[in-house]
S.K.: 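Pasting a structure here, questions to come.
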Amino acid sequence: MLDHLTYTAPEPKVIAGAKGDWELVIGLEVHAQVASNAKLFSGASTGFGAEPNSHVAFVDAAMPGMLPVINEFCVAQAVKTGLGLKAAINLRSAFDRKNYFYPDLPQGYQISQLYHPIVGEGEVIVDMGPGVARRVRIERIHLEQDAGKSIHDMDPTMSFVDLNRTGVALMEIVSRPDIRGPEEAAAYVAKLRQIMRYLGTCDGNMQNGNLRADVNVSVCKPGDYERYQETQDFSHLGTRCEIKNMNSLRFIQAAIEYEARRQIAILEDGGTVVQETRLYDPDNGETRSMRSKEEAHDYRYFPDPDLLPLDIEQEWVDGIAQSMPELPDEKKARFVKELGLSEYDAGVLTAEVESADYFEAVAQGRDGKMAANWVINELFGRLNKEGLSVETSPVSAAQLGGVIDLIGSGAISGKIAKELFEILWTEGGDPAAIVEERGMKQVTDLGAIEKAVDDIIAANPAQVEKARANPKLAGWFVGQVLKATGGKANPAAVQDLVAKKLGA
């Protein structure tokens, strides 16, 4: 996947305390909503934004006698995600009941996978800059159902419950404590999101809660992490605290920074960090205690009696593997190798699957570097300015490709191409037809260009003497000729003629 480059690992984040240096250790549990039209154990819709309690099947509401029925598509999506993370797929997995009471959990338990998850160990390569990356190990991915939503701000005396999310399929992606800094944690979540969006297994919409993370943070003294790696003794990593339900990359970084400094202050003051679950308050920029951290035995896990163990065949997994799309790292490597793009440009173009698809359509059969330049600088620049996305771009890939074809054929210059792009953005239309109808074709008649050069030279004798004494000033004549011809004269032809006549 990354054999075209040599990567080094980033340095761990070091925080200076009052009594010495400390290092961060971070592990994440990312909850990704499975991209599926139906829930994990019912046929109810997963559509976002519906009227409260309008997408609730009898089994979601825990009506008596209602039994869960596994959604095969959700299982396939979990398997595809595991394959995308180069993880082991467990052909036999099982569901368990995780028992706890909460108003928006009608059953009084969550159906999850503790002992036998569907996906085993994998990895994610997180780019941290040119030639720098971190390998984050995935411990497991398990399927589970989401809970509902409690709403506390609609009435001063009552809380309301919306069960539309209840039973929606989630993939919980659990990492090893391999992440060593806030930026790395955010980059890891962003990379997971990117991979799943390429796979089509999660839309990655963090604002809607379709992707959220529980962040486990601890601090240790320099050298302790290496001792953990040698012994696999977690006591070397310090006591961890979990920050729940983070749905913003910026907030993830801010919460980790605050939590690390909070723990360091406690330890340096002679205190003990208590293992607990905390929430991040973005208004005050701090974490606050939510509850003591539960262990597995607190939930009284036991095998779900209504669901048989899940047995899948290797042939079925192989079929999913054969249908896998090209993943972002592979696509980026191909853009660098086959199209000659820089690492940076390839990274920008593959950051989102829609951007990569758009670029590939523009670059098809054309110069890759020119296509990348137009997509990144002209298109992305204008989209950012207008607050639009590639999906809502007024200029299609076919239209932008048409502009590049006109440049390549010599029909228009780069300056005219930018004017044409503006017309396409505001009015639409066919690029070639617009150039023909509006007389925007580049002047390639050497006789006409030579006349324009002669006129400019004749009108500026003083400037001619200066240019002959200092050839660098010849560019002034080129600019004047292009201005006089409305930017239509072929720049290369103008430059050659100016140089020839000034050197005569």
Side-chain angles (χ1 to χ4, degrees), residues 1-2 26-36 46 48 74 77-87 119 122-129 133-144 146 165 168-176 178-179 181-216 243-256 280 324-332 346-359 380 384 389-391:
M1 176 176 61
L2 299 171
I26 303 161
L28 284 95
E29 299 164 11
V30 175
H31 296 83
Q33 180 176 319
V34 175
S36 168
T46 60
F48 180 80
C74 291
Q77 292 286 67
V79 169
K80 183 181 285 189
T81 301
L83 293 171
L85 300 182
K86 295 180 169 43
V119 177
E123 67 175 27
V124 176
I125 303 299
V126 182
D127 293 334
M128 297 301 298
R134 173 76 71 185
R135 174 178 175 263
V136 179
R137 293 170 297 165
I138 301 298
E139 179 180 310
R140 56 189 277 143
I141 303 176
H142 62 259
L143 276 169
E144 63 184 22
D146 204 352
R165 289 187 68 95
V168 167
L170 299 178
M171 296 176 288
E172 182 169 337
I173 305 169
V174 182
S175 83
R176 297 282 187 180
D178 291 347
I179 300 168
E183 298 82 5
E184 220 176 280
Y188 165 76
V189 175
K191 188 59 175 287
L192 276 182
R193 177 183 181 275
Q194 181 191 39
I195 291 172
M196 288 188 289
R197 280 175 51 74
Y198 267 73
L199 292 170
T201 57
C202 175
D203 67 14
N205 191 322
M206 300 186 77
Q207 185 175 356
N208 291 349
N210 296 354
L211 186 72
R212 52 194 192 268
D214 297 340
V215 185
N216 291 283
I243 309 169
K244 291 286 287 185
N245 291 329
M246 302 295 296
N247 65 348
S248 158
L249 298 181
R250 181 166 59 89
F251 290 164
I252 285 174
Q253 294 185 67
I256 291 171
Y280 178 67
M324 295 275 285
E326 185 179 38
L327 293 175
D329 284 341
E330 298 161 353
K331 192 178 290 290
K332 179 180 175 182
V348 170
L349 291 167
T350 57
E352 297 287 349
V353 63
E354 294 85 2
S355 299
D357 290 344
Y358 185 102
F359 166 72
F380 287 178
N384 290 336
S389 64
V390 168
E391 304 96 285

S.K.: Rounded at 0.5 Å granularity, tell me how far CD in Glu139 sits from CD in Glu172.
M.R.: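 Spacing of CD (Glu139) from CD (Glu172) equals 10.0 Å.
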S.K.: Check whether any side-chain heavy atom of Val34 lies under 4.5 Å from a side-chain heavy atom of Thr81, and answer yes or no.
M.R.: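 No. Closest side-chain heavy atoms not under 4.5 Å.
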S.K.: Could you walk me through whether Met324 and Leu83 pass the side chain to side chain contact (heavy atoms under 4.5 Å, CB included) check?
M.R.: CA-CA 8 Å; Met324 295 275 285; Leu83 293 171; 3.7 Å; yes
S.K.: Answer yes when Glu29 and Arg140 have at least one side-chain N-carboxylate O distance shorter than 4.0 Å, and no when they do not.
M.R.: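 No.
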S.K.: What heavy-atom pair brings Ala213 and Ile252 nearest, and what distance separates the two atoms?
M.R.: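 That closest heavy-atom pairing would be CB-CD1, 4.3 Å.
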S.K.: For Lys331 and Tyr198, work out which heavy atoms get closest and say how close.
M.R.: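 In this case the closest contact between Lys331 and Tyr198 is CE-CE2, 3.6 Å.
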S.K.: Locate the shortest heavy-atom distance separating Ser355 from Val390; write the atom from each residue and the value.
M.R.: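 Reported closest heavy-atom pair: OG-CG2, 3.6 Å.
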S.K.: Decide yes or no for Ile125 and Arg135: does some side-chain heavy atom of the first lie under 4.5 Å from some side-chain heavy atom of the second?
M.R.: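 Contact flag for Ile125/Arg135 side chains = yes.
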S.K.: Can you tell which of Leu327, Val136, Val124, Leu199 makes a side-chain contact (heavy atoms from CB on, under 4.5 Å) with Leu85?
M.R.: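 Going through Leu327, Val136, Val124, Leu199 one by one, the side-chain contact (heavy atoms from CB on, under 4.5 Å) with Leu85 is satisfied by Val124 alone.
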S.K.: Let's go through Asp329 and Lys191 carefully: what are the C-alpha distance in whole Å and the side-chain angles of both, what is the deciding distance for side chain to side chain contact (heavy atoms under 4.5 Å, CB included) to 0.1 Å, and is it a yes or a no?
M.R.: CA-CA 10 Å; Asp329 284 341; Lys191 188 59 175 287; 3.0 Å; yes
S.K.: Begin from the C-alpha positions of Val119 and Met171 and carry the test side chain to side chain contact (heavy atoms under 4.5 Å, CB included) through to its verdict.
M.R.: CA-CA 10 Å; Val119 177; Met171 296 176 288; over 6 Å; no
S.K.: Between Ala35 and Gly200, what is the shortest heavy-atom contact and its length?
M.R.: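 Reported closest heavy-atom pair: CB-O, 3.5 Å.
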S.K.: Return the minimal non-hydrogen interatomic distance between Val126 and Glu184, and the atom names on each side.
M.R.: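 Distance-wise, the nearest heavy atoms are CG1-O, 4.4 Å.
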S.K.: Compare all side-chain heavy atoms of Met196 with those of Leu211 and state whether any distance is below 4.5 angstrom.
M.R.: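 Answer yes - side chains close enough.
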S.K.: Should Asn245 and Asp214 count as side-chain neighbours, where that means a heavy-atom distance under 4.5 Å?
M.R.: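 Counting from C-beta outward, Asn245 and Asp214 do come under 4.5 Å.
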S.K.: Run the salt-bridge test on Arg212 and Asp146 with the 4.0 Å N-O cut-off and return the result as yes or no.
M.R.: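 Salt bridge between Arg212 and Asp146, a charged N being under 4.0 Å from a carboxylate O: yes.
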S.K.: Within the structure provided, determine whether Tyr280 and Ile256 are in side-chain contact (heavy-atom separation under 4.5 Å).
M.R.: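 No. Closest side-chain heavy atoms not under 4.5 Å.
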S.K.: Walk me through it: do Arg193 and Leu249 pass the test side chain to side chain contact (heavy atoms under 4.5 Å, CB included)?
M.R.: CA-CA 11 Å; Arg193 177 183 181 275; Leu249 298 181; over 6 Å; no
S.K.: Give the minimum heavy-atom separation between Glu144 and His31, together with the two atoms involved.
M.R.: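 Smallest interatomic distance, heavy atoms only, reads OE2-CD2, 3.5 Å.
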S.K.: Tell me whether Arg250 at atom CZ has more than 12 heavy atoms from other residues, nucleotides or ligands lying less than 6.0 Å away.
M.R.: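 No, because the 6.0 Å sphere around CZ of Arg250 holds 12 heavy atoms or fewer from other groups.
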